[in-house]
S.K.: 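Following this message is one structure expressed as structure tokens.
Computed from a predicted structure; not experimentally measured. Order of listing sets the numbers, starting from 1, for every ligand and every atom in it.
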Amino acid sequence: MTEQEFILKKYKSSADAGSFTWQAPSNIALVKYWGKKENQIPANPSVSFTLNNCKTITTLEYKRKDKVSDDFDFEVFFEGEKKDDFKPKIKTFFKRIEQYCPFLKEYQFIVRSENTFPHSSGIASSASGMSALALCVMSLEKEISGEVSEDQFNKKASFLARLGSGSACRSVTGSPVVWGAHPKIEGSSDLFGTEYPGKLHKVFEDYQDTILLVDKGEKKVSSTLGHNLMHDHPFAEARFTQANANLEKLIPVFESGDLEKFIEITESEALSLHAMMMSSTPYFILMKPNTLEIINKIWEFREKTGLPVSFTLDAGANVHVLYPERDKSAILDFIKNELVVYCQNGHYICDLVGKGAKKL
Ligand code: DP6
């Protein structure tokens, strides 16, 4: 598909006033997106597990105006409070998607949003937030344009979400979701995320992700800035080649459920992501001492017990502890007894693989 195919050309009817509510989940990348080209095109393909419990719930209230305005007309409320500081990000999003959704300036909007996880947890809400908003915009578009298949709806929602925040395009459908064209993955595209089309072992259907909140502070380096540092990065090409290769290596692993290989590939991805940050100009470190303590404890525990517990990281200090549901009891005990002590105020969130966004 090309970008042109996402432009809404025909209006069937006009929707006067109403509202739509969507809940969209967060996701955790197994092969990381780090580095992008113009228009939110990823420098390499990535794949993620869609999560189940960490979600954003967004309501878009719309009212048709008598006169089309020159600018976007909207207010934002987060957890019941008016949030003017959230407006620039949403305005940028509206600007980027306007050519695909030309009706936006005909409406007055109120965006009301809340997260199921604490906003100050250091968990990025941009993926779930942008996905939920994109889905609301798509519901309005469907109202205006008439029939659209579920597949088309999800594709365009993911396409729009990507323009808000790259990883958000992986937060529309169920798990795993691939974003970025890869020759070995049918239907994969740089423009939107797609549900992994290959065979998936049942161990990955309810894989667990316990998020250890090591540092709940605001991110010191935004993802957007980090992505930009890949432009003149000395290891950029090697990194993009590695990500492509790791995604290919995951194909037989997804089918066989070989957790030893799964761990080898995904832990390496997490460390490569942080290695890129440490070797860019300017360089930076997002891990904290407790991040490393946790990683070492996981390695020791895995060595001692043989249980397939592993970690992955986002662009921050928090640690995502990944493990199969069948070992949940032993691994949760280990987390509570040995890892929670490294979390800020002992906070952690139990999550697992989920099935994607839902209209409420
Ligand atoms: C480290 O999607 O937050 O989580 O496109 O600039 O909004 P923007 O970046 P964003 O980057 C996420 C990077 C990551 C890896 C990943 O999720 O693949």
Side-chain angles (χ1 to χ4, degrees), residues 24-51 54 56 86 88-93 95-97 121-134 158-172 175-180 182 188 190-194 196 209 211 218-231 233 239-240 242-244 246-247 250 265-278 280 284-287 291 311-320 322 351:
S26 184
N27 70 74
I28 179 67
L30 303 170
V31 170
K32 311 288 180 182
Y33 147 57
W34 198 245
K36 60 179 161 183
K37 305 175 202 168
E38 276 207 9
N39 300 325
Q40 298 282 102
I41 297 299
N44 65 261
S46 58
V47 66
S48 54
F49 279 151
T50 307
L51 295 180
C54 290
T56 299
F86 284 20
K89 196 153 186 203
I90 294 181
K91 190 170 173 179
T92 304
F93 173 62
K95 263 194 211 155
R96 287 184 188 162
I97 69 168
S121 60
I123 298 184
S125 58
S126 63
S128 52
M130 283 300 169
S131 166
L133 183 57
S158 173
F159 173 89
L160 298 178
R162 181 195 105 239
L163 294 169
S165 177
S167 57
C169 78
R170 297 188 313 236
S171 274
V172 173
S175 206
V177 176
V178 178
W179 167 40
H182 190 287
S188 58
D190 284 347
L191 301 179
F192 48 83
T194 34
Y196 177 68
D209 178 5
I211 309 162
E218 283 290 307
K219 277 202 242 174
K220 276 176 214 73
V221 182
S222 76
S223 296
T224 303
L225 203 135
H227 288 293
N228 284 337
L229 294 178
M230 288 305 281
H231 287 310
H233 197 293
R239 164 60 199 151
F240 303 146
Q242 178 197 40
N244 273 279
N246 278 340
L247 184 51
L250 273 181
I265 297 163
T266 53
E267 287 192 342
S268 160
E269 270 294 312
L271 295 179
S272 289
L273 167 72
H274 283 257
M276 289 304 107
M277 302 171 188
M278 289 191 244
S280 59
F284 56 99
I285 302 180
L286 295 184
M287 289 185 284
T291 312
F311 71 87
T312 191
L313 306 166
D314 254 344
N318 296 336
V319 182
H320 289 249
L322 302 178
D351 212 333

S.K.: Is it possible for you to check whether Arg162 lies under 6.0 Å from the centre of the six-membered ring of Phe159, through NZ or CZ, and within 45° of that ring's axis?
M.R.: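 Because its charged atom sits under 6.0 Å from the ring centre and within 45° of the axis, Arg162 does stack over Phe159.
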
S.K.: Are any of the N/O atoms on Asp314, whether in the backbone or the side chain, positioned under 3.5 angstrom from an N/O atom of ligand 1?
M.R.: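 Yes; the residue has a nitrogen or oxygen that sits under 3.5 Å from a nitrogen or oxygen of the ligand.
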
S.K.: Main chain of Ser26, side chain of Ser128: is a donor-acceptor contact present, judged purely on distance under 3.5 Å?
M.R.: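 Side chain of Ser128 to backbone of Ser26, a donor-acceptor pair under 3.5 Å: no, none is there.
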
S.K.: Heavy-atom count around Ile285 CD1 within 6.0 Å, excluding the residue itself: above 12?
M.R.: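 For Ile285, atom CD1 is not crowded (no more than 12 foreign heavy atoms under 6.0 Å).
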
S.K.: Pull out every atom of ligand 1 sitting under 4.0 Å from any heavy atom of Ala29, numbered as shown with elements.
M.R.: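 By the 4.0 Å cutoff, the relevant atoms are 16 (C), 17 (O), 18 (O).
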
S.K.: Relative to the heavy atoms of Ala315, which atoms of ligand 1 are at a distance of less than 4.0 Å?
M.R.: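 With Ala315 as reference, the close atoms of ligand 1 come out as 1 (C).
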
S.K.: When rounded to the nearest 0.5 angstrom, what is the spacing between CG in Leu313 and NE2 in His274?
M.R.: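 The CG atom of Leu313 sits 4.5 Å away from the NE2 atom of His274.
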
S.K.: Out of all atoms in ligand 1, which are within 4.0 Å of some heavy atom of Gly166? Include the element for each.
M.R.: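 The list of qualifying atoms is 2 (O), 5 (O), 7 (O), 8 (P).
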
S.K.: Minimum heavy-atom separation for Ser48 to Arg170, with atom names?
M.R.: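 That closest heavy-atom pairing would be OG-NE, 2.9 Å.
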
S.K.: Would you say Tyr33 has any N or O atom under 3.5 Å from an N or O of ligand 1, going by distance alone?
M.R.: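 Between Tyr33 and ligand 1, an N or O pair is found under 3.5 Å apart.
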
S.K.: Of all the atoms in ligand 1, which lie at a distance below 4.0 Å from a heavy atom belonging to Arg170?
M.R.: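 It comes down to these atoms of ligand 1: 16 (C), 17 (O), 18 (O).
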
S.K.: Looking at Thr224, which atoms of ligand 1 are within less than 4.0 Å of one of its heavy atoms?
M.R.: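 Once the distances to Thr224 are compared, the set is 6 (O).
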
S.K.: I'd like to check which ligand 1 atoms, numbered from 1 as shown, lie under 4.0 Å from a non-hydrogen atom of Lys36.
M.R.: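 It comes down to these atoms of ligand 1: 5 (O), 6 (O), 8 (P).
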
S.K.: Taking the side chain as everything from C-beta on, heavy atoms only, tell me whether Ile28 gets closer than 4.5 Å to Ile211.
M.R.: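 In short, these two side chains do not touch, never coming nearer than 4.5 Å.
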
S.K.: With nothing but distance in play, are any N or O atoms of Lys32 less than 3.5 Å from an N or O of ligand 1?
M.R.: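 There is no such contact.
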
S.K.: Going by atom types alone, do Ser165 and Lys89 pair a side-chain donor with an acceptor below 3.5 Å?
M.R.: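 Not at all, the side chains of Ser165 and Lys89 share no donor-acceptor pair under 3.5 Å.
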
